[in-house]
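Working notes for the structure below.
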Amino acid sequence: MKKTNLLYIVHLFILCLLLPNGFAQQYTAQWHLPEGAKARLGRGKLNNVMFSPDGTRIAVSTAIGIWVYDVQTREAVSLFAGIQTGEKERFLPSKPPEALTFSADAVLIASAHGKRIYVWDTVTGAAFAQLDEHPDPITAIALSPDSTKLATAGEDWVVRLWDVGTGKYLNSLKGHPGAVNALAFSPDGKILASVGTTLRLWNADTGELLHADHKDLGSIDRLVFSPDGKILAGAGGWDRAVHLWDVSTRTLQKTPKGHTGEVKDIAFSSDNRTLVSVGSDAMRLWDVGTGTELKSLPTLQDQIPQPVPPILKLEALNQAYLPSRRDHVYSARFSEDATQLISVSRDGSLHLWDVETGLYRASFALGAHSDSVGVLAFSEAGKYLASDDGFEERIRVWNAENATQHAVLTPGQEGVLNPLSELTVSSGIKKVAGRELDGTILVWDAETAEHLSSIPTDRMMRYWRLVLSPDGKFLAGRDIIARNKIELWQTEPGAHLFTLEDHVSPVTAYAFSPNSELFVSGAQESTTVLWEVKTGKRLAYLMGYTKKPIGAFAFSADGNTLASASGNKILLWDVNTREQRNNFEAVEGIAALAFSPDGRTLASSGADGLIQVWNLVPTPRVQTTFSGHRGSIHVLMFSPNGKTLASGSGDGTILLWNIER
């Protein structure tokens with residue numbers, strides 16, 4: 001297929017599926033900000049997603065907390081990040097909760113973190129209750145329909161009941177021969193179902209055992225009652241089947257089979273007639289009465305039809321969106337009238353389906369969730385900030401002045417948006433480069449959307465951290481197999497220039513000088529090499545490190561000073577004389593460095609996510625410190641006026657920090 005000469009900036013012209021407006025984005029960008037930060041860009045790395053029973057809300061567990069979205073408007077209604085204790089907030093763990101559940105009316109959510117359970121209000125984001133007395137790590141939780149009881153299961157195979165209002169322990173339900181993976185209350189709240197390898201039905205008020213099914217069910221981990229309470233469905237076991245029980249007779253009625261992959265979610269339609277099961281292979285619609293399969297819908301997003309987007313320029317001020325094509329559908333719910341099916345993927349994209357025809361109707365975004373942020377670039381005026389997505393298929397462009405998403409740059413082929421990896425962007429948001437599945441590196445002009453060049457590489461190779469030079473004329477990347485070598489290409493015309501191979505251990509950091517004439521690389525054995533870009537010639541070894549790997553480099557804006565980091569040590573070098581000017585100690589595990597535009601300030605970040613801002617004149621001293629990311633910081637960048645410091649993290653967010661001048 002002929003390569004297009006265009007860089008698609010995706011925008012869905014579907015009035016009813018518009019993204020959240022700029023005001024809503026700006027408002028949520030201020031929620032739970034750490035001290036010193038003025039905005040957050042992005043909603044955090046997704047861990048898992050869950051619909052409310054009525055399909056009106058979606059809970060999205062991320063590295064920074066749990067977001068709740070309104071399905072109809074796609075706007076965030078609350079963020080639960082932790083518990084306020086005095087003047088400080090105790091944040092949730094960055095890893096996903098062991099269990100997560102909605103109340104029947106979608107007003108409350110219960111989330112389990114180790115042995116601790118939070119029950120909180122989805123409207124205000126405030127904690128409604130906190131249970132700290134669970135004896136074992138929690139494996140499953142469920143809220144009763146009236147939200148007065150909470151059922152939990154732990155690693156000790158015991159089901160426990162709690163009073164939500166008081167946090168009081170009520171009862172222990174024993175008898176399971178193994179781990180309990182899922183819990184569910186009947187719609188009237190009278191029956192509690194629990195399942196692992198076997199099924200139990202309990203009187204939710206007295207704790208009396210009503211029924212025990214001793215058949216090995218293959219470790220089911222999804223359980224749901226039909227809206228009328230007559231049918232209980234379970235799925236997720238090793239047999240990849242759906243199990244349907246008649247609640248009144250306590251008998252297994254049907255076991256629909258057809259999935260070839262793991263079943264992740266199940267849900268009934270409001271009329272009790274249809275069940276959807278979401279598997280890693282497909283979404284399947286089942287007739288509840290007969291157990292027969294009605295339709296099969298794709299769950300891998302590269303099989304879901306995507307709109308061919310119109311071509312827009314960066315300055316068009318459109319909020320753009322295209323779902324990641326590498327992710328699977330995670331969960332699904334029927335609309336209230338059972339005519340539509342809404343599915344959600346782990347990248348935060350929603351898809352709308354017609355139940356009768358099985359036809360795909362549309363896709364739309366659920367916030368701006370990125371897997372990780374490792375690339376940042378301000379526009380020359382500082383109004384816009386570009387970042388990679390972590391899903392490796394797009395560059396997000398943010399309005400740094402009002403903290404809203406401005407556009408999404410999605411390179412692709414004409415009429416087809418193919419996934420690219422290792423996307424990167426140059427200084428000033430001038431050029432974008434990425435690598436196709438066949439190994440070809442494509443380079444675009446980000447302002448005109450013109451395809452500039454194609455650089456062939458071995459499709460079997462992958463490159464760690466592609467980096468464009470500031471002028472956009474050169475591109476560098478380290479081979480992930482021959483990790484001590486760096487490949488250097490020119491972008492116009494696209495061609496391989498040199499292989500830089502002077503390191504004896506894996507290369508761990510590299511950077512171009514501001515004028516793009518020099519290139520510096522550092523390795524695991526702590527050596528640093530300075531190269532001339534136009535010739536590929538080694539200019540100098542810079543010595544003076546401990547035996548720890550090189551973690552980061554940064555050039556001053558005038559190119560005269562190079563900062564390098566190894567372990568907790570920062571060294572300042574005179575680029576012209578190759579001599580060391582100064583050295584000082586910071587936090588351990590420095591992974592990112594950045595100079596302010598005037599070269600008088602240096603920012604560094606360590607493995608613990610702490611940012612230190614150093615005043616370098618007359619001697620290095622800490623000016624201020626920032627903390628608030630829920631993951632390691634991969635990149636730091638000052639705005640052109642030096643008043644803002646941007647930090648990109650493995651938690652999937654960018655924080656904008658105020659820098660006092």
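Worth saying up front: this structure is predicted, and the values here are computed from it rather than measured.
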Just do the side chain to side chain donor-acceptor pair (under 3.5 Å) check on W245 and T251 with the steps written out, would you?
-> CA-CA 5 Å; W245 289 273; T251 57; over 6 Å; no

Closest heavy-atom pair and its distance - P227, F268 = CD-CB, 3.7 Å

Beyond-backbone contact of T101 with F185, side-chain heavy atoms, under 4.5 angstrom = no

Any idea which heavy atoms bring G628 and L655 closest together, and the distance?
-> C-CD1, 4.2 Å

Spell out, as yes or no, whether a donor-acceptor pair under 3.5 Å connects the side chain of R200 to the backbone of G175.
-> yes

Checking side chain to side chain contact (heavy atoms under 4.5 Å, CB included) for the pair F334/L285: CA distance, chi angles, key distance, verdict?
-> CA-CA 11 Å; F334 289 93; L285 300 181; 4.0 Å; yes

Does a side-chain N-to-carboxylate-O contact under 4.0 Å join D281 and R284?
-> yes

S144 side chain to K149 backbone, donor-acceptor under 3.5 Å = yes

Does the side chain of H634 pick up a donor-acceptor pair with the side chain of S372 at under 3.5 Å?
-> yes

Any side-chain heavy atom of Y330 sitting closer than 4.5 Å to one from S343?
-> no

For R74 and Y69, run side chain to side chain contact (heavy atoms under 4.5 Å, CB included): C-alpha distance rounded to whole Å, both residues' side-chain angles, the deciding distance at 0.1 Å, then the answer.
-> CA-CA 6 Å; R74 272 79 62 199; Y69 290 90; 5.8 Å; no

When rounded to the nearest 0.5 angstrom, what is the spacing between CG in L173 and CG in L161?
-> 5.0 Å

Residue pair L209 / N203, side-chain heavy-atom distance below 4.5 Å = no

So, the side chain of T197 versus the backbone of G218: is there a donor-acceptor pair under 3.5 Å, distance only?
-> no

Tell me, do L297 and V276 make a side-chain contact under 4.5 Å, heavy atoms counted?
-> no

Carefully, step by step, assess T274 and D287 under the rule side chain to side chain donor-acceptor pair (under 3.5 Å).
-> CA-CA 5 Å; T274 307; D287 184 297; over 6 Å; no

Test item: K295 side-chain N/O and E356 main-chain N/O as donor-acceptor pair under 3.5 Å = yes

Say you draw a straight line from CD1 of I117 to CZ of R160; how long is it, rounded to the nearest 0.5 Å?
-> 10.0 Å

Does a sphere of radius 6.0 Å around CZ in R250 hold more than 12 heavy atoms from other residues, nucleotides or ligands, not counting ones at 6.0 Å or beyond?
-> yes

Is there a side-chain contact between D121 and F80 (heavy atoms, below 4.5 Å)?
-> no

Do D54 and D105 come within less than 4.5 Å of each other through their side chains, counting heavy atoms only?
-> no

S277/W286 under side chain to side chain donor-acceptor pair (under 3.5 Å): CA gap, chis, key distance, verdict | CA-CA 8 Å; S277 56; W286 308 91; 2.7 Å; yes

State whether the side chain of R222 and the backbone N or O of V263 hold a donor-acceptor pair below 3.5 Å, judged by distance alone.
-> no

Is there a donor-acceptor pair closer than 3.5 Å between any side-chain N or O of T122 and the backbone N or O of V107?
-> yes

If you round to the nearest 0.5 Å, how far is CG of L79 from CD1 of I64?
-> 5.5 Å

Can you check whether H243's main-chain N or O pairs, donor with acceptor, with T255's side chain at less than 3.5 Å?
-> no

How far does OG of S387 sit from CD1 of I654, to the nearest 0.5 angstrom?
-> 3.5 Å

Ion pair present between D388 and R396, side-chain N to carboxylate O less than 4.0 angstrom?
-> no

Validation row: W67, S61 side chains within 4.5 angstrom (heavy atoms) = no

In plain terms, say whether D265 and R333 are close enough for a salt bridge, that is, a side-chain N and a carboxylate O under 4.0 Å apart.
-> yes

Minimum heavy-atom distance between A282 and H259, given as atom pair plus value | O-CE1, 3.2 Å

What are the two closest heavy atoms between G55 and V71, and how far apart are they?
-> O-CG2, 3.4 Å

OG1-CG distance between T292 and L294, expressed to the nearest 0.5 angstrom | 5.5 Å

Before accepting this row, confirm whether a basic side-chain N of the pair K115/D136 lies closer than 4.0 Å to the acidic partner's carboxylate O.
-> no

Side chains of D70 and T56: closer than 4.5 Å at any heavy-atom pair?
-> no

Dump the intermediate steps for side chain to side chain contact (heavy atoms under 4.5 Å, CB included) on R273 and V288, then the final yes or no.
-> CA-CA 5 Å; R273 298 171 58 185; V288 174; 5.8 Å; no

Check for a donor-acceptor pair, side chain of S52 on one end and backbone N or O of R57 on the other, with a separation under 3.5 Å.
-> yes

Closest non-hydrogen contact found for I633 with G609 is CD1-O, 3.4 Å

To the nearest 0.5 Å, atom OG1 of T139 lies from atom CD of E155 at 7.0 Å

Give the C-alpha distance, both sets of side-chain angles, the deciding distance and a yes or no for side chain to side chain contact (heavy atoms under 4.5 Å, CB included) between F102 and L143.
-> CA-CA 7 Å; F102 273 94; L143 280 164; over 6 Å; no

Aromatic plane relationship, H176 with W202 - under 30° parallel, 30 to 60° tilted, over 60° perpendicular | tilted

Heavy atoms of A267 and A332 approach each other most closely as CB-O, 3.7 Å

Give a yes or no answer on whether the side chain of T653 reaches the backbone of G44 with a donor-acceptor pair at less than 3.5 Å.
-> no

Hey, does the side chain of S331 reach the backbone of M50 with a donor-acceptor pair shorter than 3.5 angstrom?
-> no

Parallel, tilted or perpendicular: rings of H351 and Y360 (30°, 60°) = tilted

